[in-house]
Structures are given as C-alpha cells and as structure tokens.
Amino acid sequence: MNAKISEWNIDRSWTLFLDRDGVINKRFPGDYVKCMEEFEFLPLVKESIAELSFLFGKIIVITNQQGIGKGYYSHEDLAHIHAHMKKEIEMAGGKIDAVFYAPQLEEEKSPMRKPGIGMALQAKKVLPEIDFAKSIIVGDSESDMEFGKRAGMKTIFVGKEKDVAMKCDGYVSDLGAARTFLQGF
C-alpha cells in the first residue's frame with residue numbers, strides 16, 4: 001500500500017465509489033455481461049459491501065457500459081442486472097445507494113465515460129452531500145484511477161499491474177482486501 005489510511009479519517013460523511021466489472025462481478029474480457037444470468041459476483045464482494053456499508057455514508061456504483069451503445073443489450077437489460085445486484089447485496093446486509101452508467105461508445109469521447117467525471121457529477125447532482133475530497137474510488141482499470149484523480153478522490157486499484165498501482169493511493173488484490181484496507185487493519 002502507498003497510502004496511510006489512518007490519515008484519511010473515514011467516517012459516515014465519506015462516499016465509496018465502486019467500479020462494477022472486475023470489482024463487483026466477474027469481467028468477461030472482450031465481451032459484456034448482457035443479462036442477469038451472466039452476472040457472477042466475485043468472491044467476498046457481498047460480505048465486503050455489507051461491512052463497508054457501516055463505514056461509508058454512501059456507496060455508489062459507476063460503470064462504463066458501451067455494450068448498450070453497440071446494441072448487445074438494452075437499458076432495460078442493464079436495469080434488471082443492477083436490480084439483481086442490489087437485491088443480492090441488500091440480502092447480505094449491504095447497500096448500494098445509486099448506480100450510474102455510461103452507455104456511450106468509447107470513440108464518442110463522452111465526458112460521461114470514465115476517465116471523464118460525468119458520472120461523478122451526476123452522482124453529486126442526485127446526492128448533493130457527496131464531497132469528492134471525502135470520496136474513494138475502487139476500480140480495476142487505469143481509467144477508473146484517472147476518473148478518481150480528476151474528481152479529486154482517493155484511488156484504490158484492484159489488480160496486479162504495478163505501473164498503474166504505483167500511481168494510486170492504494171492497491172489491493174480484490175474487494176475483500178480493499179475492505180480490510182479501508183477498515184484500517
């Protein structure tokens with residue numbers, strides 16, 4: 001870890017932003033989660049979000065979903081996937097306060113797509129109590145980390161790419177390890 005978690009003073013006034021694919025659920029490289037049946041939680045995710053729900057005031061999921069723009073699935077399909085995800089997390093004792101997604105194609109260079117901060121601004125518009133200086137993004141891509149830095153958030157990288165990890169405030173192997181890190185153990 002590069003960060004000194006004790007200096008962050010995380011409490012219920014903080015917001016946790018989570019990327020979805022590769023952090024919450026299994027990522028399909030070169031493909032997309034197109035329906036609820038393809039959505040597979042990664043190990044320890046539901047339990048980790050349940051514990052983090054006591055630490056953070058808000059937990060927000062942000063996800064690029066250009067599969068919609070490519071016509072592989074619809075907004076309605078994605079809504080079913082996210083309803084299922086939220087229900088499973090709630091059944092485990094956790095909460096997701098909101099989900100924001102960017103259906104635009106990467107080549108559109110939309111500010112809604114990470115690394116643009118459109119989803120962060122959208123979240124703040126819906127939940128004005130969000131303070132980006134008291135927010136953390138946990139993600140598994142360089143664009144997630146750039147999103148966090150552009151918005152003024154702390155950044156925690158999930159993965160093994162050392163070149164990306166060394167530019168972040170912290171790096172972990174998975175959301176279970178992020179939970180332990182954020183709880184200060």
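Throughout, numbering of the chain's residues begins at 1 and tracks the sequence. Only heavy atoms go into these numbers, but all of them, side chains included; no hydrogens, no water, no symmetry mates.
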State the CD-CE distance between Glu90 and Met85, to the nearest 0.5 angstrom.
10.0 Å
Passes side chain to side chain contact (heavy atoms under 4.5 Å, CB included), Tyr32 versus Lys70? Steps please.
CA-CA 11 Å; Tyr32 304 92; Lys70 291 181 175 183; 3.0 Å; yes
State, to 0.1 Å, how close Ser53 and Gly94 come at their nearest heavy-atom pair, and which atoms those are.
OG-CA, 3.4 Å
Examine Tyr72 and Ile68 and state if one hydrophobic cluster contains both, with Ile, Leu, Val, Met, Phe, Trp and Tyr joined whenever side-chain heavy atoms are less than 4.5 Å apart.
yes
Apply side chain to side chain contact (heavy atoms under 4.5 Å, CB included) to the pair Leu55 and Glu51, showing each step before the final yes or no.
CA-CA 7 Å; Leu55 184 59; Glu51 286 187 32; over 6 Å; no
Taking all non-hydrogen atoms of both residues into account, name the closest pair between Phe17 and Ala123 and its distance.
CE2-CB, 4.0 Å
Can you find a heavy atom in the side chain of Phe147 that is under 4.5 Å from one in the side chain of Ile117?
yes
For a quick test of reading the model, state the closest non-hydrogen atom pair linking Ala92 to Lys46 and the distance between them.
CB-CB, 3.7 Å
Polar side-chain atom of Lys124 near backbone of Ile130 as donor-acceptor pair, under 3.5 Å
yes
Option among Ile49, Leu175, Ile24 that satisfies the side-chain contact (heavy atoms from CB on, under 4.5 Å) test with Phe41:
Ile24
For atom CZ of Phe28, decide whether the heavy atoms of other residues, nucleotides or ligands shown that lie under 6.0 angstrom number more than 12.
yes
With a 4.5 Å cut-off on side-chain heavy atoms, are Lys34 and Asp77 touching?
no
For the NZ atom on Lys87, are there more than 12 heavy atoms of other groups (residues, nucleotides or ligands in this structure) within a distance under 6.0 Å?
no
Indicate yes or no for a side-chain donor-acceptor contact from Thr63 to the backbone of Gln65 under 3.5 Å, with no hydrogens or angles considered.
no
May I ask you to decide if the ring planes of Phe39 and His84 are parallel, tilted or perpendicular, using 30° and 60° as cut-offs?
perpendicular
List, one per line, each side-chain donor-acceptor pair under 3.5 Å for residues 152-162, sequence neighbours excluded.
| from | atom 1 | to | atom 2 | distance (Å) |
| --- | --- | --- | --- | --- |
| Thr155 | OG1 | Asp169 | N | 3.1 |
| Thr155 | OG1 | Asp169 | OD2 | 3.3 |

Measure the NZ-CD distance between Lys134 and Glu129 for me, rounded to the nearest 0.5 Å.
12.0 Å
Is the ring pair Trp8/Trp14 parallel, tilted or perpendicular, if the boundaries are 30 and 60 degrees?
parallel
Find the distance between CD (Glu37) and CD1 (Ile81) and round it off to the nearest 0.5 Å.
8.5 Å
For side chain to side chain contact (heavy atoms under 4.5 Å, CB included), just list the numbers for Ile59 and Ile89, CA-CA rounded to whole Å, side-chain angles, deciding distance to a tenth of an Å, and then say yes or no.
CA-CA 12 Å; Ile59 298 180; Ile89 289 168; over 6 Å; no
Quick check on the hydrophobic clustering: are Met119 and Val126 connected, directly or via other members, by side-chain heavy-atom contacts under 4.5 Å?
yes
Measure across Lys26 and Val33 and return the closest heavy-atom pair with its distance rounded to 0.1 Å.
O-CG2, 4.0 Å
Donor-acceptor pair, side chain of Lys149 and main chain of Lys167, under 3.5 angstrom
yes
Can you give me every donor-acceptor pair (side chain of residues 102-113, partner residue at least two apart or in another chain, under 3.5 Å) with its distance?
| from | atom 1 | to | atom 2 | distance (Å) |
| --- | --- | --- | --- | --- |
| Glu108 | OE2 | Leu105 | N | 2.9 |
| Ser110 | OG | Met112 | N | 3.1 |
| Arg113 | NH1 | Gln104 | O | 3.3 |

Go through Leu121 and Phe100 one step at a time and tell me if the side chain to side chain contact (heavy atoms under 4.5 Å, CB included) criterion holds.
CA-CA 10 Å; Leu121 297 174; Phe100 297 95; over 6 Å; no
Taking all heavy atoms of Lys114 and all of Asp19, pick out the closest pair and write down the distance.
NZ-OD1, 2.7 Å
Output for pair (Ile62 CD1, Asp144 CG), nearest 0.5 Å, gives 6.5 Å
CG of Asp140 to OG of Ser173: how many Å apart, nearest 0.5 Å?
12.5 Å
Group every Ile, Leu, Val, Met, Phe, Trp and Tyr by side-chain heavy-atom contacts under 4.5 Å, then state whether Leu44 and Ile136 land in the same group.
no
Nearest 0.5 Å, what's the NZ-CD1 distance between Lys86 and Ile96?
8.0 Å
Taking a hydrophobic cluster as the set of Ile, Leu, Val, Met, Phe, Trp and Tyr residues connected by side-chain heavy atoms closer than 4.5 Å, whether directly or through intermediates, do Phe181 and Phe56 fall within one such cluster?
yes
Give the minimum heavy-atom separation between Ala98 and Leu127, together with the two atoms involved.
CB-CD1, 4.4 Å
